[in-house]
Structure formats: C-alpha cells, structure tokens
Amino acid sequence: MVTDLIKIPCVRNIVFRDHLQSYPESILNVTLHNVIVSLKQSDGDLKELWIFYTNMDGFQAKFPMKNEFRSQLPTSPSLSSKYTITLRLKTLATCHFDIPVLDEAIKLAESLDALIARTDESTCDVTGLFPFYFPRDFEVIQDGWTAFSVESEFSRLQAISDEWRITDLNKNFAVCETYSERLVVPKSISDDQLKRSAEFRSHGRFPVLCYLHKSSKSCIIRCAQPLVGSSVRRCKEDEALVNSMLIQRHKKGWILDTRNPNIVKVAQSKGGGCEPEQHYALWKRLHRHLDRHSVLQESFVKFIDACIDQSEKDRWLSKLENSNWLLYVKEALTVACIVAQTIDREETSVLVHGNDGWDTTLLVTSLAQVLLHPDCRTITGFEALIEREWIQAGHPFRTRCTRAAFGKSSRGYESPLFTLFLDCTWQLLQQFACSFEFNDTLLIQLFEHAYSSKFGTFIFNNEKEKTKYNGVKKTVSLWSYFNRPEILRTFLNPFYEPNISVLWPSVAAQSIILWRSLYLRFYENQIPQQEAWDEYLIIKEKELQLRSYVNKLRQELLELERKCTEKNSNMIKMEKDSVTTT
Amino acid sequence: MDLADSLASLRSVENVRLIDRFNNRQQIIGTIFLTSTHLIFVDPEGKRETWILHSLISTVDRLPITQLGSPLRIRTKHFFSADFIIPKERDCSDLHATLSQLKPDSYEKLYCFLYQAPNYLEKVWDPFLLATEYMRMGVPNLEWKVEDNNSNFEMCDTYPPLIYVPTSTTKSMLLGSSKFRSRGRLPILTYLHPNGASITRCSQPLSGFSARCLEDEQLLQCILKTNSQSNTMYIIDTRPRINAVANRAAGKGYENEVNYSNMQFKFCPIENIHIMRSSLNKVLDACELKDPSMNQYLNSLDNTSWLQHIKAVLEAAIFIARAIDVEKKNVLVHCSDGWDRTAQCCSLSSLLLSPYYRSIHGFRMLIEKEWFSFGHKFSDRCGHIRTSDNKEQSPVFLQFIEGVWQLTQLYPTAFEFNERFLMSLHDHSHSCQYGNFIGNCEKDRLDLGVKDRTYSYWNYVLQNVNDFRNPLFRPQSSYASEVLLPTIFPQTLKFWLNMYHRFDSGLLPKENTANTLTHLVDHTIALSDHARLLEKRIRELRFSLENGVTTPTSNEDINELQENQNPTSSIEHDSGSSENELNQTTAESNPPKSNQHLQLLNSLSDVESGISSDYSPKMKPFSPSFILPHQSSLEINDIPTIERIAFELNSIAVDWRTYHAPLHCACSSPFDSAQRKYNCWRCGENFCIRCIEHGIRLPGLYSTNFAPVCKTCVRSIKTSPLYIDITASAISNNRNKSNIND
C-alpha cells in the first residue's frame, strides 16, 4: 500500500527556504502525490505550495550527529536544533526544510525517499500518477485531446499538393507501436508497400511526411534507421516509398543521418545502418552528428550544476564550457538550418533519421519547421508542432523525463532532448523577438510540464500507451488548460508581427546565449525583469489604444465635416430661395 | 596645416576590397577616400559608406600580402575592425604610413578644435557648477564646508578649485594631508547619503614603511566625526593587497592601522591599469575569432578574465553602497593615485545609492563630478595624442560604463538612459569630438580653453535626448527610487554583445526589442499630439454646427496659443523636463522669419482660404489661460476649411510601417538590426538618420514641435499652398505671444 510509505503525515514548525526567501513556522503535509507546504506570509496569511513527487529529482538529508552539534554550539547556537532536508526539483528549483525534531526529520526523509522512488518509470504504474487523479478545476473551452488531429494538418497539406493521403494502416498500432494510428504518406504507395517498408525500418517506423513546404513543395520526411545490417539488405518497397517523396526528380534529395559514420557502422553491425547510396541513387547522404541519450543528459547535469554554483571561486565560464550544453544548442540549430536551407533554397526534400527516429530526429525536424513555417511561431501552431512532432511521433516523454538535472537515474534512459528543443526555440525567439506570437513563459511552462505535470499530455511514451491506459478519458490535456483566454494572455508577445519569411538565425558561437529566465529563474531575482515586461505591455497597449482613438476621432471629424457642408449648402440654397422669392 | 600636407600625397585609393570580418567570401569592392578628419570607404553603387573618424583609429596593421593585394587591418577604439585589401602594395604602404601619423602630437591638433557641428548645436557650455551638485546633497551643512584652498590649483592640480571637507578641519590640516598623499590628492567629500554617511576619496598615503602624518590622521578623524551614527569608518583600498604592499617600497602604500584609530581597513582587489589593458586586448582577440566552436569561444572569453574584472569593480561598489546604506558608516576610498579605480568605485556606488544619478541629468552630474572634476586622465587613458605613453592607456572608463550597463541589465526599469547613451559616452571619450573629454584634469581643460573653442558633449545629448531615453524607465518603481544592492554572481554578468560586436550585425539579434520599443514610444507621442488637434477640430466644427457659424478662415486664434502653454496631454507630461528644454532650444535655433515676409504670407493665406467674405478680426479679447480646452470652445470663431482639415489629416500617418519590414532605407543604404530607424511622421515609413529632417512643423500636430519627416514628405508639404498658411499662423502666434509678453 502506498499509504504505508507515509511514515509521518504532518511536520510542524519547520523553516522553508529557497534561494531568495525564507518562511519560518511553516507546516508540511505529506500526501499520496505531493507534499503540501503551508507558508506563513509576512502579512500572516498562509500560502500553499504543492510539490509533487514526480517533480522531485533528488533530496539530501543533512542530520549532524549529536556530538557534531556540541562542537558547533558555541559558535552558532541557531544551528543547535536544525535538521535540514534539501529538495532538488525537476523544475530546477532548490528548497530546504529545516526541521526542529530529529525523529520527525528522519521519518520525513524515509517517506520522501520511498515516495520519490515510486515515481521511477521502471517501477511505477502510470495510472498511479497524479494526472489520473487530477480533478479538473477549470472550464474546458477546447478539448486539447482532439484539438490537433492529423486531419486538420492534412487539410493544410492538401491545399499545397494532392499527392498525399492519410493511411489507416497503423490502426490499433498494428504496424508501428510508436506511431499514431493515422499517418500521411504518398498517394502512389500502397498500404502493402508501406507494410514492407515498416518491416525494413527499426521499430517499424517507416518514412512518413512531417512537413511540406509551400513555395518549393519539397518536404521533410522522418523515419527510423533502415535494417540494412552487415549483409546490406535492401527493400524495394522502402526505396519506392522514399523515392516517391522526392517531388522534383531532377534534383537529388538529402538523407540527413544524425549520427556520425562510426556510430552508423556500429549500428550496421547490429542490424541497423544507413541507406546505401547504390540503392537510393536519387539521394545524397549527409552525416551531422547530434549527441543524445546519456551524453546529453550528463551535459545537462553539468550545465545546471554550473548555473547554480554560487561558490566564491569563479570558474563559471570554464564550467559552462565543460558542460558542452551550449555546444549542443549550437549544433542542433545548425543542423536545423541545414534542413531549412535545403528545403527553402535548394528546393529539394530531406529525409531525417538517427537510430530510432524518436529523439534527435524529432529535434531536427521540429526545429526546422519553426524556421520554415510561420504557423509554428504562433501559440496554437507551436502546440500543434509539439503534439505532431513530439507526442504523436512517439518521443518517449516519460522515459526521457523521469529524472532531470539533479537525480540519479536508475536505468540511464533519461535525456533532455525536449529541453534542448525548447532552448533552441528560445534562441530563435531571442534573435527574432517580433516573429513569435508567444513569449518565453510558454516555453518555461512547457519545460516544467514535460517533467512534472497535473496533465496527461507528457506522461506517456507514445500514442499506444495513451490509448492503452485510456489517457484521453482519464486525464486532462495540457492544451485544454493552456487554451483558455486567461492563460493564453500570459503567453502573448506584445511585439509580435506576423512574419511569413523563413528565419535565418545566426548560429555563431557569439550569438548563442544562456537562457537565464529558465535556468536561473530560481537563483536570480526575477522581479525587475517582470517589471520590465509589464512595462512592455503597457507601452504596446498605449500605442494600440491611441491608434484606435485617433481613427475614431478622424471618423467623427469627417462626419461633422459632412454635416457642415450639408448645412452650408442648405443655407446657400435657402439664401437662393429667399432671393428668388423676393 | 600639417595634416593636410600629409594627406595631400594620398587622397583616394580605388579597387579596394573590404572583407567581412567573419565571412571571407563577403567582399565589397570600392574606393577609400581620405579627408582631413575621416577615412571613408564607398562602394561603387554608393549603397554603403563606411566612415572612420581618424581619432577613433586605434591600430593600423599590415597583414601578409595575398593574391588580391596587400591587406590593411584597421581597428578602432569603438570596436570596429576592417580588413581592406589594396591592389597596389605601394598604395597600401602609403596609406599605412599616412594613417599611422594621424594621431595628433599636441592637444591643439585634436579633432574638437576642428569639428564643425551641425547647425542645431551651438558652442554653448552651460556652466556646470560643482556647488550645485553639493547643494543638492545638502552641503555645506553643519558637518561639511567648502574650502577654496585649491583655487589656483596650488594644492593639487588634478582637483577642482573648490573642495568639500569636514567643517572641523583647518587649512593647515588640509595642506599637511595633501603633502602626505600621492599627487596631493587629499581626502575630500564626493557623496553624502541622506542618512549622513558619506563617501570621501583620495590617493594613497606616502607612508612607505614607517612615515606618518598627524594632519592626515586628524583629517580622517574629522571625517569619521561627521557621521554620528557610527564610531568607526571604512578605509577601502581598491587594490589587491599585494599591490598596496609593493607600493610601500616606493615610499607610498596604505594607511598604517596603528596610526589611524577606529578605522576598518578593507582591500577590494581590482587589478591595475596594465592588467585591464591586456584583458581588453584579449577580449578584442576573442572578438576576432573567425567562426569559433562554442568551446573555443567560451574558453577565449574565460581567458580574458574581463567579466571577472567587471565583477570585482561592481563588488567593490556594492560593498561601499552597503557600508553607507546598511551599516551607516563613512567610507574613504582610494587606490594608487585615486583617479582610476577610485573613480570607478565611487561613481558606481553613488549610482547604486542615489536614484538621482540614474536619470540622464543625474548621470551627467555624476560623470562631471567623479570623472571630470576629480581628474580622471581621459587623454592618457584613451590615448588621445601621440605623446601620451601607450602604457598609460587603459579601459578604465569603459569598465565603468560596462558596470553601469550590467546594472541596467539587472534593473531594466531603474535607469532613465539606455544602452545607446552608454555607448555614445564611451565612443566620445575617444572621439575627441567634444571638449569635455580632452586633457587629464579640469586644469588642462581650462588651460586649453575648451569651453570657448569646442562643443560640449552634454549639449549634443540634450539635443538628441529622445535617442538616449530608456522606454522602460519607470520612475515610480521601487528599483528606480531606492538603493540598489544586488548580489553579483559570476552567472549574473553578460558579455556585452552590442558593445563589442556592434558592427557585426550578422551576430546580433535580427529583431531588436529596444528599437521596437523606441518605435512604439515615438508613435505614441506622434499620435497623442495629433489626437489633440483632432479633438480641437471636432470642438470647432461642433460649435459651428450648433451656432450656425459658416465662415471658415485659416488663422488660428490666440486661444490655441493659450492651450499650447498648458500641456494637458499625458505624454507630454511624462516626457519630463529635459525634453522641454530640448524643445525650447530647437525652437530658438530657428528664429521666426522677418515681419515683412510674414505679412506677405498672411495676405497669401487670405486669398487661399477663399470662401470667406466676412473676415473676422484676429485679435480676440484676452482670455484666462487656465480654461480647459472643452470650455474654451466659446472663444472659437475661426473654423478651419475642409481643405485644411484634409491637409492636416494627410500630414500624419496613423499606421506606421512595422519596424522590421524594410531592409533598406529609401536611400538604398541597408539597415542593420542595431541601427536606429526613424519613422517619418507623415508617411510612416522607416528611414535612416540621414534621410530624416527634423526642422518642420506638421500641420496635423497640435503642438508646434518639430517632427521627424522624410525628405520626400518635407518637399510635398512645403510645396502645398496650405502649408504656407499654417506656418504663417504659427509665426503669427509667435508674434502674438511676443506682443502679449510686451
């Protein structure tokens, strides 16, 4: 029983501290899904803080031994009865509980340890997570589960080209467990051919369309690696499928492999590999390596450690350098730019894959779409992009986000790919501050919800899992929560001016900067920045109001003018009349 | 002139390639022209002109010859770096020789003595009185007095004539102390906090290993006693301890704690000018890196230690501010000579302590006081003239400016000025265009007579104050009105991309929010002015409808003038006093035309307005000036013609071209993201600064302020027959105004 894990339901009289503030006389309640801290505000009111176990990344208990205390006593009497538990959250916050009674502190630590371990992906039943118990506390205006269907995206495609169709081949996830049930494929390829192609690709992830460019009609295709193996197998149907996606036959397409040739060789020896040029003669191959999995995770851990290190010794820049995080941001953006350039300038198609086609592949294809497609820079468009390119495309969110920057991973499957995607998007937002409908609040919220959420959007590894656990019925979609006026308002960018052109960002090292408002938001005072943001809104609002006021005045003036002329002509007429009568 | 002679041999070089710093393939072929003041590179289509002011050139280097010719690298003090490839080697060496000789060998040849400012600037130096600034702080008072010991610079030639010291000091005490301090720079008051704690500054004592000076010790006790809230005070040595110790061997050093009772000593380790100079050089090298990998770039930044130095300066300033505001203790600050690190720390801590210094006007006062009056050696540190020792050059002022910038990044709403202002200050400390930054102390400037012979930088700022305003400034915010005591972590500091990479537009954000904001604020000002005119016209037409007046004439009556004197629009209110000053000065610089001309215009206008047969008398009974606009409608007799209203409406664009849309100005010069664009108030299009005129009054505006208008629109307005009408009325208003005043 889960309740047995709770060794102590309530701890009183604790001090709650984070980097900027401290609340004495707080009360901590341990529940099934979270701890609830009641903080005493300066005005005497209580504020409740909910910390979900899914949000807890790790914790440290610091319980000095009795004799240690004695040695400390003369110098710092305030420490005399303080046992500290430090919680590290996936949202990157750090908080401390100072507990006066040792026994309570030990019990709390034990409870937390067990309850946090319970959220581990390998041991935990997803239906035990909070989203399955979350009572929706707001009015749904638009149901997020149905807001982004394949059909709605397909209708946009059809306006550009009629060479595509939706296939139901994957009904009940029969062909590919990690794809959604309906997929967009070329009209000229039959379901049988698709099936064969699926057999030839890792995890059955056969090539599907993910983006069609309006001006050039060239497209981005993604899939998993082909099962070429050391015997260099081939699959005619797969070749036909891939070739049919090349719209202009006179131009060669590009196959972008997100692994370097050495890794491909290793993969090939294990049955995978890359499309051999002799069988895919219409395509050129390009290897642009993007680090993934534990390498990326390690980088993230080091990076966050550098960000929150406030020790006296100034090793910040070298620690930042060592973490390699900004390097990965730069690399991901560069590869996305290569794809965008091929699509828009070279006007030919790109097929992207790595190993499984659900990690770096998605990073590249989604970023390229932000560059290429103005719709992706609107709020709904960006939500649709995440739904389409990350959730429906089978990025294993729960596996990747079980631990964030502080936790010890049990199986080592965690990787902050989605965070990297958000960071890259933020870099674009930074460089094109007026081309996005949203501001960084949306990106920060997405980051937080991906790691720990009340909503069901990011808790499954793929669509099949969502169906299996009946996520649509039993949990609430994050988009339902976001897409309400009072929330949407906080995401709006006052500078937004729709920009239909393709974005060409600078990917030079000098242009890649640290996303302070995410990584440092619990460690730097954010109020001055918020004030500045309010001022942005006021300035924009003032200008808008004045513009409509001036227009109103102008209309009124013209109306008056018309009346005056009428009156004048009437008077002249009257005068004339009077003249004629006399 | 010597300069002309040396330039005579070489006036222009053709077929020169300008290579982009980061993209070798991007080359422009054009011609270099040398004038007596600038090096100008023009591409054949004339689309792009690169102007380099001679006094801003820092280094000219010849690089190894390539197939295309001889490369010449010019680096400037405002972080522009250009590689020119010159086809003929001879031309290159001539150019190199000429440019290398450009640096003047005496003050007399500096640019400020040649510079001819545009018409709107006058050689007017509004007198800066140190006394005014001290008066603002409530000095002299019971504790502090002013002394004229230094009126002929006899005690200390790098201090101002008047110095502020504790009332309990005697002249002999001051004299004795000044003899014991390096360069005679004795402790003097620089900032007095409302709580009574003060910052005093001086140079190091000539203590050596054992020397002491009773007068100096007494003076410090006098300073301590000015603040009754604490019985100790800080002596802050802004050098690393080891430097201070090393100075003892040269007969200098730091105060011996034994001799100075009740003093708390503290070292704030800021490195010396030589280390700072080499650190900046490393920054410049890091900026030159061509397509570095992320790690190369971060590594090279780390190796410069530049941000660590900035952090050291800021931390010292924060320590001082905390001591003053929280501990309520007096602080005495010195370094070696007390004109570099001391100036940085005193000015930054004053900025943290007093909101006044965060306004444009206050910031000026701060610089006048800490940097100009107390003798920062601008000419030596910036290397204005050839005779100055290269080892004397150091980015001390730049570090101060960057420290301020870092604070503006932390508190975006707390400062009235913007980044452009800080960059302009830095650039003009090197440009020698204005006399303020010339010489090494007040005495030098007095001897050179800069106030009579050069333009003042502050005058330039005042005339362009709108470009330097921070649109986010929120005076009522707690950050703008209180003491700022930030905690600086290494992560807090940013690399100032817009300063060091400002000419590399490829690296900068493509869409600049700061400029977008300025654009919005400008638009708001234009629209609210226009709205007031519309409101007035509506009142007039309503009145005429209701009262059956059908005699439209074209001249405004006095009431409008009255209303003009009482700005009611909130925008004008917000803009503060300095803008009003601006408006006044611009108005004065364009005096009204002669009366004869005026009458001619008046008669013309009467003919134009046509319809009226009954010409109503212009002089109305004088009405009280505090009538609200809507109440004054009774006085309205002059109803504008329909053509005139159309003309007025036509002169103001309600919607402006979005800031980012055009990539080129109408003159075909390309916009880059850092550059400020100006919107023409009439057509709403974006223009570069050279295509905008500021000397026209738009008929669609209520106020008689000059508005930025593009050249095309200026022409079309001026050729309109109705325009004359309006100018005439504006002038007649002016005349009326003077009549009334008489």
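Values below: every heavy atom of this structure, side chains too, minus hydrogens, waters and symmetry copies.
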- Item | Winner by heavy-atom pair count (cut-off under 4.5 Å) against chain A, out of B:L534, B:L298, B:I538 |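 When all of B:L534, B:L298, B:I538 are compared, B:I538 has the most.
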- Any idea which of B:L307, B:T516, B:D504 has the most non-hydrogen atom pairs under 4.5 angstrom with chain A?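 Max contact count across the listed options: B:T516.
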- Which residues from residues 434-442 of chain A are near chain B, with near meaning under 4.5 Å between non-hydrogen atoms?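 Within residues 434-442 of chain A, the residues that come under 4.5 Å of chain B (heavy atoms only) are A:C434, A:S435.
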- Task: Please list, in residue-number order, every residue in residues 319-327 of chain A that has a heavy atom less than 4.5 Å from any heavy atom of chain B; write 'none' if there are none.
- Result: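 At a heavy-atom separation under 4.5 Å, chain B is reached by A:L320, A:E321, A:N324, A:L326, A:L327.
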- Message: For B:T413 and A:E535, which I'm curious about, is there any donor-acceptor pair between the side chains at under 3.5 Å?
- Response: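 No pair is found: no donor N or O on one side chain lies under 3.5 Å from an acceptor on the other.
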Highest number of heavy-atom pairs under 4.5 Å with chain B: which of [options]?
options: A:V329, A:I308, A:L520, A:I527; answer: A:I527
options: A:D309, A:V507, A:I538, A:L544; answer: A:D309
options: A:Q510, A:E543, A:Q427, A:E559; answer: A:Q510

Side chains of [X] and [Y], heavy atoms from C-beta outward: is any pair under 4.5 Å?
X: A:Q310; Y: B:T487; result: no
X: B:H523; Y: A:R547; result: yes
X: B:E648; Y: A:L557; result: no
X: A:S506; Y: B:K510; result: yes
X: A:I513; Y: B:F495; result: no

Using every non-hydrogen atom in the two residues, find where [X] and [Y] come nearest and quote the distance to one decimal.
X: B:E511; Y: A:F432; answer: OE1-C, 2.9 Å
X: B:P292; Y: A:A509; answer: O-CB, 3.7 Å
X: A:E561; Y: B:I645; answer: OE2-CG2, 3.1 Å
X: B:S544; Y: A:K567; answer: O-NZ, 3.6 Å
X: A:I539; Y: B:P471; answer: CD1-O, 3.3 Å
X: B:P412; Y: A:Q529; answer: CG-OE1, 3.6 Å

Against chain B, label [X] side chain, backbone, both or neither, depending on which of its atoms sit under 4.5 Å from a heavy atom there.
X: A:Q430; result: backbone
X: A:L503; result: neither
X: A:K330; result: side chain
X: A:R516; result: side chain

